[in-house]
Amino acid sequence: MEQTVERKKRIFSGMQPSGELTLGNYLGALKNWIKLQDEYDCMYSIMNMHAITVRQDPAELRKRSLEVLMQYIACGIDPEKSILYFQSHVSAHAELAWILSCNTQMGELSRMTQFKDKSKKHADNINAGLFTYPVLMAADILLYQADLVPVGHDQLQHIELTRDVANRFNFHYGETFTVPEPYIGKTGARVMSLQSPENKMSKSDPNPNGYIWLLDPEEVIIKKFKRAVTDSDTEIRAGEDKPGITNLLTIYAAVTGKTVEEAEKEFSGFGYGNFKQAVGEAVAAELTPVREKFAQLQSDKAYVEDIYKKGAETAAKIASKTLRKVYKKVGFVAW
Ligand code: ATP
Ligand code: LTN
């Protein structure tokens, strides 16, 4: 009897080592990545080529890139189940990005809000890479024929562009790429800054009180939550008029696995001070094992190196298949 082995659906995602990972990265992305590992073929990369669209100190970037990898593992990404590697170790990313850039319109790229935000933030360095950033991201995803891309809410526009580029390429050159879907988790898709809850919690925020670093010690986490900006009201409920409290409720719900409504009930009648303390403690409890695992990994460099080398080897094999197909489709002479 003929047996058809169905390929598991593929997941691709990554983060830039542009700063220390935050609770936003964890709840918006990493926590979902971990859940998906059993059901899908997952690839999680460290997007160091994207990170240099903003000026980086080379020694810092190298150190941080390794730390991001160790934080993926410390949070629960299992190297036995998922492929982990550095983007720069697989040259096909840059090669496919070139082909895709010839199939992406300037107009499409100028509409990207991340480009607009970042060019305001880095007005002295609006480089071409910052502008073509989404093309490299499309290459990351399309190289591996990914079906799903788990990201936070802020990346939806980039995934939409990836889909447009894939569809356009498939239309002009014939079926080549899987058209990926975004995957947004139910809770924690938008974790906001603790200091300005109308902005997302970001690892490049200059004010460290705005974010929780995944490796912050327990007392620092609790202190940052105690200082979180709320409002002059006293009611613990979610609502558009209460961005600070809503954010804290969302964070609490995401780490405890409860719903926001359940959290509202649990804290009804609490003062803001006790509420903030409880959220801080819940987050600290979730992050303590991450910090401990990270410390262990730091003392096992050989183990970590083995993971990213093997990861790059496997990734390169998959990527080169797609790249060859693309080169053929666009009319490059075979070699
Ligand atoms: P930067 O501020 O340097 O642009 P970032 O903190 O937004 O960085 P990225 O590397 O761009 O981090 O994002 C990694 C992943 O984490 C993405 O999937 C992104 O959507 C998600 N993410 C980042 N910040 C948040 C947040 N505050 N809430 C939910 N998800 C987030
Ligand atoms: N742009 C993303 C990081 C990123 C990514 C990717 C995410 C680069 N390439 C491919 C998912 C898939 C960000 O800033 N979060």
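Note that the numbering runs from 1 along the sequence shown for the chain. All ligand and atom numbering here is 1-based and tracks the order in the structure.
Scanning all protein heavy atoms for the shortest distance to atom 9 (N) of ligand 2 gives Asp140 OD2, 2.6 Å. Of the protein's heavy atoms, Gly14 O, 3.4 Å lies nearest to atom 7 (C) of ligand 2. Of the protein's non-hydrogen atoms, Met47 CG, 3.7 Å is the one closest to atom 4 (C) of ligand 2.
Ring to ring, Phe275 and Tyr252 are not that close: their centroids are 6.0 angstrom or more apart. Taking the six-membered ring for Trp, Phe115 and Tyr133 have ring centres at least 6.0 Å apart.
Residue Lys118 touches ligand 1 through its side chain alone, judged by heavy-atom distances below 4.0 Å. Contacts between Val151 and ligand 2 below 4.0 angstrom, taking non-hydrogen atoms only, involve the side chain exclusively. Of all the heavy atoms of Gln16, the ones lying under 4.0 Å from any atom of ligand 2 belong exclusively to the side chain.
Using cut-offs of 30° and 60° for the angle between ring planes, the Trp33 and Tyr44 rings count as parallel. The aromatic rings of Tyr327 and Phe332 stand perpendicular to each other, their planes meeting at an angle above 60°, with 30° marking the opposite boundary. Between Phe267 and Phe270, the ring planes are perpendicular. Angles over 60° get that label, and only those under 30° would be called parallel.
Set against the non-hydrogen atoms of Lys200, the atoms of ligand 1 under 4.0 Å away are 5 (P), 7 (O), 23 (C), 24 (N), 27 (N). Listed by atom number, the atoms of ligand 2 under 4.0 Å from Phe12 heavy atoms are 10 (C), 12 (C). Residue His50 approaches ligand 2 through these ligand atoms, each under 4.0 Å from one of its heavy atoms: 8 (C), 9 (N). Residue Val149 approaches ligand 2 through these ligand atoms, each under 4.0 Å from one of its heavy atoms: 11 (C), 12 (C). Each of the atoms 29 (C), 30 (N) of ligand 1 lies under 4.0 Å from some heavy atom of Gly28. Within ligand 1, counting atoms from 1 as listed, the ones closer than 4.0 Å to a heavy atom of Gln155 are 20 (O). Atoms of ligand 1 found under 4.0 Å from any heavy atom of Ala29, numbered from 1 in the order shown, are 15 (C), 16 (O), 18 (O).
Ligand 1 lies less than 4.0 angstrom from a heavy atom belonging to Ser18. Using 4.0 Å as the threshold, Thr22 has no heavy atom nearer than that to any atom of ligand 1.
For ligand 1, the polar-atom distance check finds an N/O of Asp154 within less than 3.5 Å of one of the ligand's N/O atoms. Taking distance alone, with nitrogen or oxygen atoms compared against 3.5 Å, Tyr133 approaches ligand 2 more closely than that limit. Backbone and side-chain nitrogen or oxygen atoms of Ser202 are examined, and one is located within less than 3.5 angstrom of a nitrogen or oxygen of ligand 1. For ligand 1, the polar-atom distance check against Met192 finds no nitrogen or oxygen pair separated by under 3.5 Å. At under 3.5 Å, not a single nitrogen or oxygen of Pro150, backbone or side chain, sits near a nitrogen or oxygen of ligand 1. In terms of polar-atom proximity, His153 is not counted as a contact of ligand 1, lacking any N or O under 3.5 Å from an N or O of the ligand. By the 3.5 Å distance cut-off applied to N or O atoms, Met15 is not counted among the residues near ligand 1. Where the criterion is an N or O separation shorter than 3.5 Å, residue side chain and backbone included, Asp154 fails it with respect to ligand 2.
For the residue pair Gln114 and Gln155, a side-chain donor N or O sits within less than 3.5 Å of a side-chain acceptor on the partner. Side chains of Gln37 and Asp78: a donor-acceptor N/O pair is absent below 3.5 angstrom, by distance only.
The backbone N or O of Gly271 lies less than 3.5 Å from no partner atom in the side chain of Asn274, so there is not a single donor-acceptor pair. Not one N or O on the side chain of Glu39 forms a donor-acceptor pair closer than 3.5 Å with the backbone of Leu36. Between the side chain of Arg10 and the backbone N or O of Tyr144 there is at least one donor-acceptor pair closer than 3.5 Å.
Between Leu100 and the choices Val135, Leu143, Thr162, the side-chain contact (heavy atoms from CB on, under 4.5 Å) rule is met once, by Val135.
Nearest to atom 30 (N) of ligand 1 by heavy atom, out of Gly24, Ala51, Pro182, Gly185, is Gly24.
Between Glu305 and Lys309 a salt bridge is recorded (basic side-chain N to carboxylate O distance below 4.0 Å). A salt bridge links Glu181 with Arg163: the distance from a Lys NZ or Arg NE/NH1/NH2 to an Asp or Glu carboxylate oxygen falls below 4.0 Å. With respect to the salt-bridge test (charged N to carboxylate O, under 4.0 angstrom), the residues Lys200 and Asp154 qualify.
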